[in-house]
Peer 1: 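Below are the structure tokens for one structure; questions will follow.
Just so we're on the same page: letters track the sequence lines, and every chain starts at 1. Heavy atoms only: backbone and side chains are in, while hydrogens, waters and symmetry mates are out.
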Protein chains: 2
Amino acid sequence: MQKDVTIYDLARELNLSPATISRGLKKSNVLNKDTVNRILDKAEEMGYRHNNFASNLRNKRTQTIGIIVPRLNSYFMTSVLAGIEDIASKEGYNIIISQSLEKKELEKSNVHTMFNKRVDGLLISLAYDTKDIDHLQPFFDKQIPVVFFDRAFPTEHSTCVVINNHEAAYKAVKHLIEQGCKRIMHLAGNQLRDVYTDRLNGYKQALEENNIAFDDQLVHICKLGEQDGIEAADAILSMQPEERPDAVFCANDISAVYCMSRLKENGIKIPEDIAFAGFNNDAVSRVVEPKLTTIDYPGYNIGEAAASGLINILKGDITMIKTTKLVLQASLLVRDSSKRQKK
Amino acid sequence: MQKDVTIYDLARELNLSPATISRGLKKSNVLNKDTVNRILDKAEEMGYRHNNFASNLRNKRTQTIGIIVPRLNSYFMTSVLAGIEDIASKEGYNIIISQSLEKKELEKSNVHTMFNKRVDGLLISLAYDTKDIDHLQPFFDKQIPVVFFDRAFPTEHSTCVVINNHEAAYKAVKHLIEQGCKRIMHLAGNQLRDVYTDRLNGYKQALEENNIAFDDQLVHICKLGEQDGIEAADAILSMQPEERPDAVFCANDISAVYCMSRLKENGIKIPEDIAFAGFNNDAVSRVVEPKLTTIDYPGYNIGEAAASGLINILKGDITMIKTTKLVLQASLLVRDSSKRQKK
DNA sequence: TTGTAAGCGTTATCAA
DNA sequence: TTGATAACGCTTACAA
């Protein structure tokens, strides 16, 4: 491994001081324009590369943003990341990513790692079973800004970027009711997470406004995985036909799709017997048959908003700090799985 | 932002030298066991955290592995990542990830960034249209090890970890032939990538061994996206019924699923009229109806193999350097989309 | 407009 | 088993 070129090497070659080289490399306009160009050319020629470690050590800033997400395997999450990356790179920040795989313990250790890597700020969407945010205390203590997105935790310490889950769920359920459904089941997520309680409440509100009694037998709280969808279907199949729901509103697409398929395999007609609506606009929602009515979750926008929010705080923009909650719009996508009325 | 605790602070508190503290913190067994414990306790107590920058600056190693992938949005890729992450973290390496989004230019700039971040080694799966690996030259020049996985490039410089795409494709097509298919279309990927040429060749071999003439009218080279699947379906629909293929073998699942759906919408029966086989075992292959016969691509294992390969090289294990190519097994998953024979 | 010099926190080498 | 010291490469206050 040959030796790296440093500013000292450039200094020697150009008969300048290291300080001048350092200024030249960041195009300081206190320098002679000509000197700057000579420095840049020489750097190029000699294959100089900036040493972040030395510079971070000196600056006590890393220009790095940490991101912790439950999982990277959804279209939603990769869109969020794309949004974050765009903003971050435009502003000269690097990002490091880690997954909690929905486990609090792993999230905790990821937070610890991010802290030790001295990220300038943290973007986080909480794991399924995270009950408190004690593990973020080191960040709060050191006043390193933390921005929550999607799966947030109510706190005074941080900004969060979310969508109006209540309203989105309300719209989906209202739509099902408009299609003539009266007995609507809800596959709900972990009630520790605001995103899922809000969806449940939106569901309740839609029922109430349409004078449909809420029946907690029809709410299944689960992990919203493939298996959970299948189990919900089996539960429906084991009911007396007259007790069965005539629609299912699922808090995500995966569980909806698997539930739907299982029912279809057992002779239930979608949407005639049971209509379906999901949440997220995942790829699977467009592949399943009939195509799944769902909520378009604006991942890219959420990522953008979260990243700009964080960077504004880092830059000392106080107005942003006061915006503790940023709510983005999500829209209903009506597809065949819920279309019962031919007009 | 309060000041960080350094080894000097610990040294002062414990009446030891910074050197001793440094040793203690990494549990050097040259030290008195008791001293080590006192140091660790004090560090904990004072909230010391290790400064990677100082340490990297000193060591000229970053303990970081760079990963560049085309996209993070497939089950395959996230499995690969999981495999890499497991091995890397076990060995004390951190990872940084970036996406080329299938674009050579972006890949180039990602490589550049990784180089500047001084990763100890690079794991890369090439973008769709990368024609050469000149952009990796800085790594080769500096002898920083590069390991290709999945989408590799034939070169003497590097190890690569792949599956036997030829054999996997051969098995899939042979299976279709065994189901009685005689006119098999192939949706192929960019022939710049070995993975796709190998699949095409496997397809050819299966035809040949079964005395089916190769017909290049039946090979559609495309980007294997949703739209490409749909277009292939339209092409089939525009053929005279007797000219139509009786099976389609697609180089990935996405294109297969969209092609299949379009044909179904137009009254073609799967698998009776046209049987289907895909590649990758993506989530969609299990959601579509009928479920798609496909090749199980062992992402996790590929990730593990690539990461261990790289780390072995970093540790100076010469035997690994000689293993320029590591080939993993992939197996055929037969599902309803290709089952024509009832036994 | 450029130079001098100190310091960021850690670790390897040598000495004790 | 522990300590002293120099070095890693960059930045910046201050001086020229």
Peer 1: Do any pairs count as a side chain to side chain donor-acceptor pair (under 3.5 Å) and have a residue in residues 28-38 of chain A, sequence neighbours left out, and if so which ones?
Peer 2: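 The answer is none; no pair qualifies.
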Peer 1: Quick one: the side chain of A:Tyr8 and the base of D:dC8, do they pair up donor-acceptor inside 3.5 Å?
Peer 2: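 No pair found.
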Peer 1: Mind checking whether A:Leu310 and A:Tyr93 have side chains closer than 4.5 Å, heavy atoms only?
Peer 2: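 They are not in contact (no side-chain heavy atoms under 4.5 Å apart), so the answer is no.
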Peer 1: Of all of residues 28-52 of chain A, which get a heavy atom below 4.0 angstrom from DNA chain C, listed by number?
Peer 2: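 DNA chain C contact set from residues 28-52 of chain A: A:Val30, A:Leu31, A:Asn32, A:Thr35.
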Peer 1: Under a 3.5 Å distance rule, please check whether B:Asn110 uses its side chain to pair with a backbone N or O of B:Gln99 as donor and acceptor.
Peer 2: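 Answer holds: yes.
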Peer 1: Does some side-chain heavy atom of A:Arg12 sit less than 4.5 Å from a side-chain heavy atom of A:Asp9?
Peer 2: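 A:Asp9 vs A:Arg12: side chains touch.
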Peer 1: Which protein N or O atoms sit under 3.5 Å from an N or O of nucleotides 13-16 of chain D?
Peer 2:
from	atom 1	to	atom 2	distance (Å)
D:dA13	N6	A:Arg23	NH2	3.1

Peer 1: Without decimals, in angstroms, what is the distance between B:Ile7 CD1 and D:dT5 P?
Peer 2: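 One finds 15 Å between P of D:dT5 and CD1 of B:Ile7, rounded.
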Peer 1: Determine yes or no for a side-chain-to-main-chain donor-acceptor pair under 3.5 angstrom, with A:Asp120 supplying the side chain and A:Thr62 the backbone.
Peer 2: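 The answer is yes, because a donor-acceptor pair under 3.5 Å joins these two groups.
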Peer 1: To the nearest 10°, give me the bend of the helix from C:dT1-D:dA16 to C:dA16-D:dT1, comparing the axes of its five terminal pairs at either end.
Peer 2: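 Between the axes fitted at each end of the helix from C:dT1-D:dA16 to C:dA16-D:dT1 lies an angle of 30°.
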Peer 1: How far apart are the C-alpha atoms of B:Ile124 and B:Leu126, what are their side-chain angles, what is the distance that settles it, and do they pass the side chain to side chain contact (heavy atoms under 4.5 Å, CB included) test?
Peer 2: CA-CA 6 Å; B:Ile124 184 166; B:Leu126 295 172; 4.0 Å; yes
Peer 1: What is the distance, rounded to the nearest whole Å, between atom CG of A:Asp4 and atom C1' of D:dC8?
Peer 2: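 After rounding, the reported distance stands at 11 Å.
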Peer 1: Students often get this wrong, so: under 4.0 angstrom with heavy atoms, is A:Asn56 touching a base, only sugar-phosphate, or nothing?
Peer 2: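 The residue A:Asn56 makes no contact with any strand.
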Peer 1: Look at atom NZ of B:Lys108 and say whether more than 12 heavy atoms of other residues, nucleotides or ligands are closer to it than 6.0 Å.
Peer 2: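 No - once you tally the heavy atoms of other residues, nucleotides and ligands closer than 6.0 Å, there are 12 at most.
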Peer 1: Give every residue pair that meets the side chain to side chain donor-acceptor pair (under 3.5 Å) criterion with at least one member in residues 124-133 of chain B, sequence neighbours excluded.
Peer 2: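 Pairs touching residues 124-133 of chain B that pass the test: B:Lys104-B:Asp132, B:Glu107-B:Thr130.
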Peer 1: Provide the closest heavy-atom pair for A:Asn116 versus B:Asn52 in the form atom of the first, atom of the second, distance.
Peer 2: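 Looks like O-ND2, 3.7 Å.
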Peer 1: Using a heavy-atom cut-off of under 4.0 Å over every strand shown, decide if A:Ile21 touches base, sugar-phosphate, or nothing.
Peer 2: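 The answer is nothing, as A:Ile21 stays clear of every strand by at least 4.0 Å.
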Peer 1: Which residue lies toward the 5' end of DNA chain D, B:Pro18 or B:Arg118, if each is placed at its nearest nucleotide?
Peer 2: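 So the residue in question is B:Pro18.
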Peer 1: Measuring from B:Ile133:CD1 to B:Thr155:OG1, what's the distance to the nearest 0.5 Å?
Peer 2: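 Between B:Ile133 CD1 and B:Thr155 OG1, I get 4.5 Å after rounding to 0.5 Å.
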Peer 1: Under the 3.5 angstrom rule, does the side chain of B:Ser55 hit a backbone N or O of B:Asn51 as a donor-acceptor pair?
Peer 2: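 Looks like no, no N/O pair under 3.5 Å.
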Peer 1: Along DNA chain C, 5' to 3', what are the outermost nucleotides having an atom less than 4.0 Å from a heavy atom of chain A?
Peer 2: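 The footprint of chain A covers C:dT1 to C:dG9.
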Peer 1: OP1 or OP2 of D:dC10 sitting under 4.0 Å from any side-chain N/O of A:Ser22?
Peer 2: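 A:Ser22 to D:dC10 OP1/OP2: no side-chain N or O under 4.0 Å.
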Peer 1: For A:Gly83, does its backbone N or O pair with a side-chain atom of A:Asp86 as donor and acceptor, under 3.5 Å?
Peer 2: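 Checking the backbone N and O of A:Gly83 against the side chain of A:Asp86, no donor-acceptor pair under 3.5 Å is found.
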Peer 1: Using modelled atom types and a 3.5 Å cut-off, is there a donor and acceptor pairing between side-chain atoms of B:Arg193 and backbone atoms of B:Ala127?
Peer 2: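 Yes; judged by distance alone, with no hydrogens or angles, the pair exists.
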